[in-house]
Number of protein chains: 2
Amino acid sequence: MKTSLDNIISEARELFRVHGYAGASMQDLATRVGIKKPSLYTRFPTKESLVPEVLALTSREMDAALPDASGDWLARYEAVLRAMAADLVARQRCVCLHLAYDVGDDTPEAADAVRSYFRQQRDAMAAMLGAAFDAQTARAMAMDALARIEGATLWTVIDSDPAPMWRAVDELVEIARSRKGNP
Amino acid sequence: MKTSLDNIISEARELFRVHGYAGASMQDLATRVGIKKPSLYTRFPTKESLVPEVLALTSREMDAALPDASGDWLARYEAVLRAMAADLVARQRCVCLHLAYDVGDDTPEAADAVRSYFRQQRDAMAAMLGAAFDAQTARAMAMDALARIEGATLWTVIDSDPAPMWRAVDELVEIARSRKGNP
DNA sequence: CCTACCGATCGGTAGG
DNA sequence: CCTACCGATCGGTAGG
């Protein structure tokens, strides 16, 4: 049970988060999960194939951590932002942003998975904001919110300073609240 | 002249930007500048030593591109933001953020250089804002501004969409203008 | 799930 | 600035 699929993917995520895609090795992953490297290849055909799995696990965990569609849209929006921020502050870096920066045209499946992940995040957030704003506004607000939160990880990486992250969350919630109704 | 120091550093910067620190190889760099790999080591003792050079070159170029301390603080602030944003939109990714995410404790000189770079950027921006805000507010505004601009590269990487970047710049300028005087 | 191994490439050096 | 080379590690495979 210790070497379950999800356990391997979760450990791969930690390696990708800290070392990036290029800097994470299959040998390190094997050591972390306590098996030999060739055994990894019975579960995952390539290193690249771990990337979609890592992103899918992250999406699944985020969905599970959030309360289902209870409360108003603003409460749900704030809950999502705070959950994301808390995770990023705790782990210092964002795996997904690291992968977005690291994977290129030489690993097209990984690059596609990263693109899909962020578009899905954007669309989910835009759907919430769609309760109070027109589609175009909601989409722009979702993109800006994700950009601000990801950008705030700059200071969790550089100075272990979570203050910019929490300011970003507070301001994003306030913006959504105050703009409601007046375009 | 083609293989000047700055030329090598500039090519190293492109490799770091696209592939990250771990994903950039000295062989690739040598090929790009048209010399053999061992010749690189007559100019730079290690791969790691390229990181401080890349950041220093970037600082130098940014200083040179900006008009010297003419105009009021708001005009200078806006000029800095627009120069940074234009560069990031053109190149899709930020080398400095990629390095901040990629370099770790195994390359301490590189990690220190990245930390120093961003602190210096923050302090320079805070100094401008210091003309109209108290030191603590100016510092927080500078951190938030850098975080927003770096964060907006998420969408230049994912979707080649510069819109969030320009929205961030416009809003940051507007925030600085409107907050002026009233804390 | 293992041992044993592959060719390729890594950062870096010797020696001129 | 080069040719030639080093040990280590990379992603991945053969075969059981």
Side-chain angles (χ1 to χ4, degrees), chain A residues 1-54 95 98-99 102-114, chain B residues 1-54 95 98-99 102-114:
Chain A
M1 278 301 121
K2 199 69 170 67
T3 316
S4 68
L5 270 188
D6 276 3
N7 184 52
I8 297 174
I9 297 167
S10 174
E11 296 290 346
R13 178 170 52 186
E14 288 313 302
L15 283 173
F16 287 150
R17 193 195 313 275
V18 176
H19 301 289
Y21 180 77
S25 82
M26 296 298 271
Q27 179 59 66
D28 284 347
L29 177 57
T31 302
R32 275 177 82 114
V33 299
I35 60 177
K36 299 296 175 182
K37 189 175 56 158
S39 303
L40 280 178
Y41 286 92
T42 65
R43 295 154 180 266
F44 305 95
T46 58
K47 178 182 175 183
E48 186 176 6
S49 70
L50 285 165
V51 171
E53 302 284 357
V54 160
V95 215
H98 205 161
L99 287 170
D102 246 31
V103 298
D105 299 333
D106 43 317
T107 48
E109 287 179 35
D112 274 356
V114 172
Chain B
M1 278 304 118
K2 200 71 168 63
T3 316
S4 66
L5 271 187
D6 276 3
N7 184 51
I8 297 175
I9 297 167
S10 174
E11 295 291 348
R13 177 169 55 186
E14 288 314 302
L15 284 173
F16 287 150
R17 193 195 314 276
V18 176
H19 301 289
Y21 180 77
S25 81
M26 296 298 272
Q27 178 60 67
D28 284 347
L29 178 56
T31 302
R32 275 177 83 113
V33 300
I35 60 177
K36 299 296 176 181
K37 188 174 56 156
S39 303
L40 281 178
Y41 285 92
T42 65
R43 295 156 180 265
F44 304 96
T46 60
K47 178 183 175 183
E48 187 177 5
S49 71
L50 284 165
V51 172
E53 302 284 357
V54 160
V95 214
H98 204 161
L99 288 171
D102 246 29
V103 298
D105 299 333
D106 43 317
T107 47
E109 287 179 34
D112 274 356
V114 172

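Proteins get letters first, then strands, A, B, ... in listed order; numbering begins at 1 in each.
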note = Whole-Å distance, B/His19 NE2 to C/dG11 P, equals 12 Å
query = Which part of the nucleic acid does B/Ala30 contact within heavy-atom distance under 4.0 Å: base, sugar-phosphate only, or nothing?
reply = nothing
query = Side chains of A/Leu5 and A/Glu53: does their closest heavy-atom pair fall under 4.5 Å?
reply = no
ask   = Between atom NZ in B/Lys36 and atom C1' in C/dG12, what is the gap in whole Å?
value = 17 Å
message = Looking at D/dC10, I'd like to know if its phosphate oxygens (OP1 or OP2) sit under 4.0 Å from a side-chain N or O belonging to A/Ser25.
response = yes
ask   = Which one is paired to C/dC6, where only Watson-Crick or G-U wobble pairs with both distances under 3.5 angstrom count?
value = D/dG11
query = So does A/Lys47 get a side-chain nitrogen or oxygen closer than 4.0 Å to the phosphate oxygens (OP1/OP2) of D/dG11?
reply = yes
query = Among the nucleotides D/dC1, C/dG11, C/dC1, which one has an atom lying closest to any side-chain atom of A/Arg43?
reply = C/dC1
Closest to side chain of B/Pro38, choosing from D/dT13, D/dC2, C/dC10 = D/dC2
message = Rounded to whole Å, please give me the gap between CG in B/Leu50 and C1' in C/dG11.
response = 12 Å
inquiry  = Please determine whether a side-chain nitrogen or oxygen atom of B/Ser39 lies at a distance below 4.0 Å from atom OP1 or OP2 of D/dC2.
reply    = yes
request  = Rounded off to whole Å, could you give me the CD1-to-P distance for the A/Ile35 and D/dG12 pair?
outcome  = 15 Å
inquiry  = When you measure from the side chain of A/Glu48 to the backbone of A/Glu109, do you find a donor-acceptor pair of N or O atoms at a distance under 3.5 Å?
reply    = yes
Close side-chain approach of B/Phe16 and B/Asp102, heavy atoms under 4.5 Å = no
message = How many whole angstroms separate atom CG of A/Asp28 from atom P of D/dG11?
response = 8 Å
task = Counting heavy atoms from C-beta on, name the nucleotide in D/dG11, D/dC10, C/dG11 closest to the side chain of A/Gln27.
result = D/dC10
Gap between atoms OH and P, on B/Tyr41 and C/dT13 respectively (whole Å) = 8 Å
inquiry  = Any base atoms under 4.0 Å from A/Thr42, or only sugar-phosphate, or nothing? Heavy atoms, all strands.
reply    = base
query = NA contact type, A/Ala24, heavy-atom cut-off 4.0 Å: base, sugar-phosphate, or nothing?
reply = sugar-phosphate
remark   = Of the listed C/dG12, D/dG12, D/dC2, the closest approach to the A/Lys37 side chain comes from D/dG12
query = Between B/Thr31 and B/Gln27, do the side chains contain an N or O donor and an N or O acceptor separated by less than 3.5 Å?
reply = yes
message = Keeping A/Glu11 on the side-chain end and A/Leu29 on the backbone end, is there a donor-acceptor pair under 3.5 Å?
response = no
ask   = In whole angstroms, how far is the C1' atom of C/dC2 from the CG atom of A/Leu40?
value = 13 Å
Whole angstrom value for the distance that separates C1' of C/dG11 from CG of B/Leu15 = 15 Å
